[in-house]
Amino acid sequence: MTTTTAEHDGSGTTSTAYAAIVIGAGQAGPGVAAALAADGPVALVEMDRVGGTCLNHGCKPTKALRASAVVAHQARRAAEYGVHTGEVTVDFGFAIDRVHKIIEEEVSGLAGYIEGVDGLELVHGRATLATDPTGAEHVVTVDGRRLTSSQVYLNVGARASVPPMPGLDTVDVLTEVELLDLTELPAHLVIIGGGYLGCEFGQMFRRFGSEVTIVAASGLGGREDPDVGAILSQTFADEGIRVLEARTESVAPADGGVAVTLDDGTTVTGSHLLMAVGRRSNSDLLGDHGIETDDHGFFVTDGRFQTSVPGVRALGDVNGRGAWTHTSYQDSQIMLEPSRTVDGRITTYAMFTDPPLGRVGMNDAQARESGRRVLKAEVPMSGVSRARLEGETTGVMRILVDADSEEVLGATILGLQADDVIQVVGTAMQAGVRYPALRDALPIHPTVAEYIPSILTSLQPLDG
Ligand SMILES: Cc1cc2nc3c(=O)[nH]c(=O)nc-3n(C[C@H](O)[C@H](O)[C@H](O)COP(=O)(O)OP(=O)(O)OC[C@H]3O[C@@H](n4cnc5c(N)ncnc54)[C@H](O)[C@@H]3O)c2cc1C
Ligand SMILES: NC(=O)c1ccc[n+]([C@@H]2O[C@H](COP(=O)([O-])OP(=O)(O)OC[C@H]3O[C@@H](n4cnc5c(N)ncnc54)[C@H](O)[C@@H]3O)[C@@H](O)[C@H]2O)c1
């Protein structure tokens, strides 16, 4: 077993050798660090609170906050179900406080877990990395402390991208970090970006009572089939959210808030501005690391996460092979099982609007591009009996299969419980199940998932 050695170089700097150093306590780092600590001393370096984006200002706080927004919406619709509640008001301060309490518990639970692992040292501070091209001794510096190892794992994640725009330095720009720290509800939240972040936050804040305008260059849910984007747009319009399909050109202060000028000449004025136009890699925070990155700063890796420098591996968002907690966490599982590779991973994700969107594998456009002979089965959610029973008929359910190989190629579900139901298809795809086996499965009635076997009995060519 390798042991930690601490040496003084005469300048007062302590140099400590580890069996492995993990930088970033996000979704992959803690699990990998804990497992490696069984074989020798490991340092886990984190510059912020443990748990990374997901736990501190990503998936978990947003889904906790979404729960309040969904309840507000249901309460307003209660009369549709014969339930009478009186006037519905939202105490935003209470809702955000609830979120923070849940997150505090989870962060301290994770910190306690890390502290309890034998051989694992949590080092607080921002790490910079000087790699050794031979792979013999990489040097990580944290607050003047020198840590060395031949094995370095990078789980440094990504942060909100704030692209340059005239006037940005004259206004307060919020990212999700600051938005989740607000204690008072914005009067009018202007969101730049109509992707996952823009859609999820936009709908939540509208339901809390803010006026919301989303400026979305490629419409809502830009990566999805056009009809899915159109259903989302109609749902948002029905809830009173203004969506403008344009690019922002500049921003400026206005009436104690912000004015956003768009490329079609329109100007929108709001009290708060949220930037939600994608993520940028945190690889630059490591300093002059000498590792190959792509044009967007994501580390280039092979299927076992090996970077261009021997002994340095990159896991999670920063390797550009996924942009979700589940992909980052799965990277750590794959890393710890030598026979596995990330190559060929079937992408699956959800967008937690209400109703949610679930996606796995290909959508229509990707299926067309694949050059395969594709069959498609679909049903509007208004045709799904469970959705009708629950009064939640917005959306569509769609599955694509290969007519020749009978492979399941992908599915899009926008509608009631889509974030969970999609996983039936994802699991089948991972297991390599051919569509006739899925079609012939016995489903439970009345559920949303029962329509997966059911619609597979009426496959049609993709484009009619
Ligand atoms: C608002 C929002 C909502 C989201 N919702 C979902 C969702 O519902 N489902 C989902 O799957 N994904 C969601 N995501 C995406 C998800 O949060 C990320 O994909 C996930 O957190 C990535 O995990 P990671 O381990 O790669 O990086 P991170 O979780 O970002 O962790 C990286 C860690 O490295 C640390 N670090 C960085 N540089 C250094 C350095 N030089 N020295 C020391 N430490 C460093 C950071 O402080 C951080 O703790 C959401 C993201 C956002 C912003
Ligand atoms: N449910 C989830 O899993 C979830 C939720 C939120 C965030 N996330 C993660 O966070 C990442 C970032 O999400 P995001 O929504 O910020 O990015 P995104 O890439 O999903 O969407 C950004 C959108 O902004 C638009 N845009 C870019 N520049 C613009 C401009 N100047 N004016 C107007 N529109 C502009 C783009 O057309 C695009 O539609 C995602 O990739 C995802 O990994 C995941």
Side-chain angles (χ1 to χ4, degrees), residues 22-32 44-63 65-66 123-129 140-143 154-161 163-165 175-177 179-180 191-202 214-224 229 244-251 260 262-263 274-287 289 314-332 348-353 356-359 419:
V22 179
I23 305 178
Q27 316 316 306
V32 166
L44 173 59
V45 188
E46 174 54 59
M47 65 180 185
D48 204 334
R49 304 199 321 167
V50 295
T53 306
C54 171
L55 186 46
N56 292 289
H57 42 89
C59 337
K60 291 198 176 179
T62 54
K63 270 79 246 182
L65 195 58
R66 175 191 190 269
V123 179
H124 293 282
R126 176 155 84 88
T128 53
L129 171 66
V140 174
T141 306
V142 187
D143 285 340
L154 304 173
N155 175 223
V156 294
R159 61 188 186 274
S161 164
M165 199 178 291
T175 68
E176 73 283 356
V177 178
L179 190 73
L180 288 164
I191 301 175
I192 305 182
Y196 312 86
L197 237 119
C199 287
E200 291 184 6
F201 277 129
I214 302 178
V215 181
S218 42
L220 297 186
R223 294 188 198 93
E224 309 308 331
L244 303 173
E245 282 203 30
R247 290 195 82 76
T248 43
E249 293 237 300
S250 63
V251 293
V260 181
L262 314 183
D263 61 359
L274 173 69
M275 193 63 81
V277 297
R279 315 289 292 166
R280 60 171 291 187
S281 161
N282 281 338
S283 61
D284 58 330
L285 303 181
L286 291 165
H289 49 69
L315 309 169
D317 280 14
V318 81
N319 63 26
R321 289 173 172 269
W324 295 276
T325 285
H326 45 277
T327 46
S328 179
Y329 184 71
Q330 192 186 53
D331 285 0
S332 69
T348 183
Y349 59 86
M351 177 165 74
F352 295 89
T353 44
L357 170 78
R359 265 292 308 283
D419 48 330

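Start at 1 and go down the list; that is how both ligands and their atoms are numbered.
Close contacts between ligand 2 and Arg279 involve ligand atoms 10 (O), 11 (C), 12 (C) [criterion: under 4.0 Å to a heavy atom]. Close approach to Trp324 involves these atoms of ligand 2, each under 4.0 Å from a residue heavy atom: 3 (O). Under a 4.0 Å criterion applied to the non-hydrogen atoms of Asn155, ligand 1 contributes the atoms 24 (P), 25 (O), 26 (O), 31 (O), 32 (C), 33 (C), 34 (O). Every atom of ligand 2 is numbered from 1 in the order shown, and the set under 4.0 Å from a heavy atom of Ile192 is 30 (C), 32 (N), 33 (C). Atoms of ligand 2 lying under 4.0 Å from at least one heavy atom of Arg223, given by number and element, are 18 (P), 19 (O), 20 (O). Close contacts of ligand 1 with Gly52, meaning ligand atoms under 4.0 Å from a residue heavy atom, involve 29 (O), 31 (O), 48 (C), 49 (O). Here is the list of ligand 1 atoms found below 4.0 Å of a heavy atom in Glu176: 1 (C), 53 (C). Those atoms of ligand 2 that come under 4.0 Å of a heavy atom in Phe352, given as number and element, are 1 (N). Interface atoms of ligand 1 facing Leu286, defined by a heavy-atom separation under 4.0 Å, are 41 (N). Residue Gly316 approaches ligand 1 through these ligand atoms, each under 4.0 Å from one of its heavy atoms: 26 (O). For ligand 1 and Asp48, the ligand atoms under 4.0 Å from any heavy atom of the residue are 47 (O). Atoms of ligand 1 lying under 4.0 Å from any heavy atom of Gly26, numbered from 1 in the order shown and given with element: 25 (O), 29 (O), 31 (O). The Ala350 neighbourhood of ligand 2 comprises atoms 1 (N), 2 (C), 3 (O), with distances under 4.0 Å to a heavy atom of that residue. If you number the atoms of ligand 1 from 1 as listed, the ones under 4.0 Å from a heavy atom of Phe352 come out as 8 (O).
Nearest to atom 11 (O) of ligand 1 among the protein's heavy atoms is Thr325 N, 3.0 Å. Closest protein heavy atom to atom 37 (C) of ligand 1: Val156 O, 3.2 Å. Gln27 CG, 3.2 Å is the protein heavy atom nearest to atom 23 (O) of ligand 1. Of the protein's non-hydrogen atoms, the one nearest atom 3 (C) of ligand 1 is Gly58 C, 3.4 Å. At the top of the distance list for atom 18 (C) of ligand 1, counting protein heavy atoms only, stands Asp317 OD2, 3.5 Å. Protein heavy atom nearest atom 25 (C) of ligand 2, with residue, atom name and distance: Gly193 CA, 3.9 Å. Of the protein's non-hydrogen atoms, the one nearest atom 30 (O) of ligand 1 is Thr53 OG1, 2.5 Å. When only non-hydrogen protein atoms are considered, atom 36 (C) of ligand 2 lies nearest to Ser218 OG, 3.8 Å. Closest protein heavy atom to atom 40 (C) of ligand 2: Tyr196 CD1, 3.5 Å. Counting protein heavy atoms only, atom 40 (C) of ligand 1 is closest to Ala127 N, 3.7 Å. Shortest contact from atom 46 (C) of ligand 1 to any protein heavy atom: Glu46 OE2, 3.4 Å.
Residue Thr62 touches ligand 1 through its side chain alone, judged by heavy-atom distances below 4.0 Å. If you look at Ser328 next to ligand 1, the close heavy atoms, those under 4.0 Å, all belong to the side chain. Looking at Pro163 against ligand 2, nothing comes within 4.0 Å, counting heavy atoms. Residue contacts with ligand 1, taken as heavy atom pairs separated by less than 4.0 Å, do not involve Val142 at all. No part of Tyr349 comes within 4.0 Å of ligand 1, judged by heavy-atom distances.
At least one donor-acceptor pair closer than 3.5 Å links the side chain of Glu200 to the backbone N or O of Phe352. Counting only distance, with no hydrogens or angles, the side chain of Asp331 and the backbone of Gly316 share a donor-acceptor pair below 3.5 Å. Thr348 contributes a side-chain N or O that, together with a main-chain N or O of Arg359, makes up a donor-acceptor pair within less than 3.5 Å.
Ile191 contributes atom CD1, which lies 8.5 Å from atom CG of Leu197 (distance to the nearest 0.5 angstrom). In this structure, Thr327 OG1 and Arg321 CZ are separated by 11.5 Å, a value rounded to the nearest 0.5 Å. Atoms CZ and OG1, on Arg126 and Thr141 in that order, are 11.0 Å from each other to the nearest 0.5 Å. In this structure, CZ on Arg279 lies 7.5 Å from CG on Asp317, to the nearest 0.5 angstrom.
Every residue two or more places apart in sequence or in another chain that forms a salt bridge (Lys or Arg N to Asp or Glu O under 4.0 Å) with Arg49 is listed here: Glu104. A search for salt bridge (Lys or Arg N to Asp or Glu O under 4.0 Å) contacts involving Asp48 returns nothing, not counting sequence neighbours.
A side chain to side chain contact (heavy atoms under 4.5 Å, CB included) with Gln27 is found for exactly one of Thr53, Thr325, Asn155, namely Thr325. Considering Asn282, Leu315, Leu129, Asn319 as possible partners of Leu154, the one that fulfils the side chain to side chain contact (heavy atoms under 4.5 Å, CB included) test is Leu129.
Counting heavy atoms only, Met47 comes closest to atom 39 (C) of ligand 1 of the residues Arg126, Lys63, Met47. Across Thr327, Val260, Thr248, heavy-atom proximity to atom 31 (N) of ligand 2 is greatest for Thr248. Among Ser332, Cys59, Gly29, the residue whose heavy atom sits closest to atom 10 (C) of ligand 1 is Cys59. Taking all heavy atoms of Ser283, Gly157, Gly287, Cys54 into account, the minimum distance to atom 17 (O) of ligand 1 is reached by Cys54. When the heavy atoms of Ser328, Gly195, Ala217, Cys199 are ranked by distance to atom 23 (C) of ligand 2, first place goes to Gly195.
The shortest N or O to N or O distance between Asn282 and ligand 1 is not under 3.5 Å. For Glu200, no nitrogen or oxygen atom sits less than 3.5 Å from a nitrogen or oxygen atom of ligand 1, counting backbone and side chain alike. An N or O contact shorter than 3.5 Å links Trp324 to ligand 1 by distance. Checked by distance only, ligand 1 and Ala323 come closer than 3.5 Å through their nitrogen or oxygen atoms. Considering both main-chain and side-chain atoms, Ala25 never comes within under 3.5 Å of ligand 1 through any nitrogen or oxygen pair. Some N or O of Leu197 is nearer than 3.5 Å to an N or O of ligand 2, by distance alone. Considering both main-chain and side-chain atoms, Ala323 comes within under 3.5 Å of ligand 2 through a nitrogen or oxygen pair.
Between Met165 and Thr248, some side-chain heavy-atom pair lies under the 4.5 Å cut-off. Counting heavy atoms from C-beta outward, His326 and Tyr349 have side chains that approach closer than 4.5 Å.
In this structure, Cys59 has no heavy atom closer than 4.0 Å to ligand 2. Ligand 1 has Arg279 within reach: a non-hydrogen atom of the residue lies less than 4.0 Å from it. Residue contacts with ligand 1: His57 is included, with a non-hydrogen atom under 4.0 Å away.
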